[in-house]
Protein chains: 2
Amino acid sequence: MSLIVDNIRGEAAPTEALLPAATGSTRADSVFDSLRTAIVQGELAPGSKINEPQLSKLYGISRGPLREAIRRLEGCKLVEIKANVGARVIELDIQKAIEIYEIREALEGLACGLAAERASTADCVQLRALLTRHEAQIESEDGKRYYQKEGDLDFHYLIVSLSGNTRLFNLLCDELYHLLRLYRVQTSSQPSRPAQAFKEHHRIVDAIEERDAMLAELLMRRHIASAKATLLAQLDHDSELNPIGVGS
Amino acid sequence: MSLIVDNIRGEAAPTEALLPAATGSTRADSVFDSLRTAIVQGELAPGSKINEPQLSKLYGISRGPLREAIRRLEGCKLVEIKANVGARVIELDIQKAIEIYEIREALEGLACGLAAERASTADCVQLRALLTRHEAQIESEDGKRYYQKEGDLDFHYLIVSLSGNTRLFNLLCDELYHLLRLYRVQTSSQPSRPAQAFKEHHRIVDAIEERDAMLAELLMRRHIASAKATLLAQLDHDSELNPIGVGS
DNA sequence: TACAATATTATTGTCAACAATTTTTAGGGT
DNA sequence: ACCCTAAAAATTGTTGACAATAATATTGTA
């Protein structure tokens, strides 16, 4: 068991090499991107320490821009910094995931309602096309659940962008979605009930096509609430096993 | 007229002296706080450039920690950074303010509903006491609208904290509320309809006391929506004057 | 005067070294 | 063996200097 714990909480380092530093972008920006994907994809284990000398050597940069990148990660809530101690990759337990889903439910409900008010006919066509495309993908290569995960996010991505609220877009797509990805990786959770989800997606597009903002918001909130319910059930199940957080 | 413009957009510097660097906190943290309040209170004019040598001299620190503070400000959406060019204080036009209010409506609605589900009886008493206290303050020193502004935020602050969702609390209190303050300073907007607002506040507390989550959410959303409506009316009014953004 | 190209200045990005703090290790006492 | 204390190592916080880029001023020309 301690093997697993060590694996999860160890001081894992990302396998990435240094990037060629794309023009128009500073080193701090590139290393921020690299670190973010490293964290979100689980290469930097949750709870593990961010070692500045080690990472600066790995990426071939000095600690100055690295620290700026870390400060940006802090802004995205992907690491937590304690003064004079350093940064650690965030750990998402079920409790925190539920908090995120509560927020997501409210914000994506808003986005979906706005999308229904503002989406053009062409937008609706695009939205429906995206759904059918993903559906076909799933049916053909049934084994690879991977696409379904990303496909699901594509759908939500598009709707949020149709809301026309750029701040909302940034909030969801630049912050919350990364946290969701991280949680999925940490718990290696499969997307449950794909068939049901697709049905719900189509109902949501129906509502948007009909410019029914209230219904669109309601359906999206319900759609996300059902995912949240799965988490809640898991939380209740776990707390039944360990009544007051008693470890082994 | 150019006088006003210069005053608003000039490279104003905050009048703050360097802080004694509270223990347990790094210099980057203190200067982050200083800069944030300087921006929110309008001492650093919206749109003005963040000059690193100038600010580092003013605060008596080097550019390293200053840049980390700036990166944190970027995370709070208080400044915008362009690579190789630098950071500028954000400018909030009505359009952006409306986006914020849309988000705030959804999130505070959520917070209020959760508060209704989770608040203890003592919490409700505290909430009501806060209201009556502010009411008395307003009636006594009617002239000072200042208290009403902050008092209004106090009320919302408390409700958000009662939601029990810490991420929601951080999102609203550490990010959105600062932006609201900034917008109020930028437009020197007075809180409209204080009497009506107090009535709505009491109805909201009523709903929370009765553990009526749906009603509490509805009332809070409506409460914020009416503030948003004022902005929208202003936007329509302005666009009537300058049909397609024609300056003087 | 107006305009374009160039030179100058200022500012940002980056680095390597030093200071301050924390963590780890070693040692001694009970 | 345990725990407390002190030295050593490692890591974070900070600084000043240098390189790269952008903004500004200057000059030349039509």
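All values derive from a computational prediction rather than experimental measurement. Naming: A, B, ... by sequence-line order, numbering from 1 per chain.
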Colleague: Using side-chain contact (heavy atoms from CB on, under 4.5 Å), reason through Arg104(A) and Leu180(A) one step at a time and then give a plain yes or no.
Modeller: CA-CA 10 Å; Arg104(A) 191 187 167 201; Leu180(A) 286 183; 3.5 Å; yes

Colleague: For the residue pair Tyr157(B) and Tyr177(B), categorise the inter-ring angle as parallel (less than 30°), tilted (30 to 60°) or perpendicular (more than 60°).
Modeller: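 Correct class here is tilted.
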
Colleague: I'd like to check Leu232(B) versus Tyr101(B) (side-chain heavy atoms, cut-off strictly below 4.5 Å). Are they in contact?
Modeller: no

Colleague: Regarding Asp123(A) and Ser120(A), do their side chains bring together a donor and an acceptor under 3.5 Å, going by distance alone?
Modeller: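 Judged by distance alone, the side chains do pair up.
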
Colleague: Donor-acceptor pairs under 3.5 angstrom involving side-chain atoms of residues 72-80 of chain B: please list them, not counting sequence neighbours.
Modeller:
from, atom 1, to, atom 2, distance (Å)
Arg72(B), NH1, Asp29(B), OD1, 2.8
Glu74(B), OE1, Arg71(B), NE, 3.1

Colleague: Can you check whether Val185(B)'s main-chain N or O pairs, donor with acceptor, with Ser188(B)'s side chain at less than 3.5 Å?
Modeller: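 No: the side chain of Ser188(B) does not pair with the backbone of Val185(B).
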
Colleague: With a 4.5 Å cut-off on side-chain heavy atoms, are Leu153(A) and Arg184(A) touching?
Modeller: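 Arg184(A) reaches Leu153(A) side chain to side chain.
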
Colleague: Quick one: are Ile50(A) and Leu66(A) in side-chain contact, heavy atoms under 4.5 Å?
Modeller: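 No, every pair of side-chain atoms sits at 4.5 Å or beyond.
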
Colleague: Whole-Å distance between dG13(D) P and Leu66(A) CG?
Modeller: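 It is 11 Å, rounded to the nearest whole Å.
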
Colleague: Starting from the first five and the last five pairs of the helix from dT1(C)-dA30(D) to dT30(C)-dA1(D), work out the angle between the resulting helix axes, to 10 degrees.
Modeller: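 The angle, to the nearest 10 degrees, is 10°.
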
Colleague: Detail all sub-3.5 Å separations between protein N/O atoms and N/O atoms belonging to nucleotides 8-16 of chain C.
Modeller:
from, atom 1, to, atom 2, distance (Å)
dT11(C), OP1, Asn51(B), ND2, 3.0
dT12(C), OP1, Lys49(B), NZ, 2.5
dT12(C), OP1, Ile50(B), O, 3.0
dT12(C), OP2, Glu52(B), N, 3.2
dG13(C), OP1, Asn84(B), N, 3.0
dG13(C), OP2, Arg67(B), NH1, 2.6
dG13(C), OP2, Arg67(B), NH2, 2.9
dG13(C), O3', Thr26(A), OG1, 3.3
dG13(C), N7, Arg63(B), NH2, 2.7
dG13(C), O6, Arg63(B), NH1, 3.0
dT14(C), OP1, Thr26(A), OG1, 3.0
dT14(C), OP1, Arg27(A), N, 2.6
dT14(C), OP2, Thr26(A), OG1, 2.5
dC15(C), OP2, Ser62(A), N, 2.9
dC15(C), OP2, Ser62(A), OG, 3.3

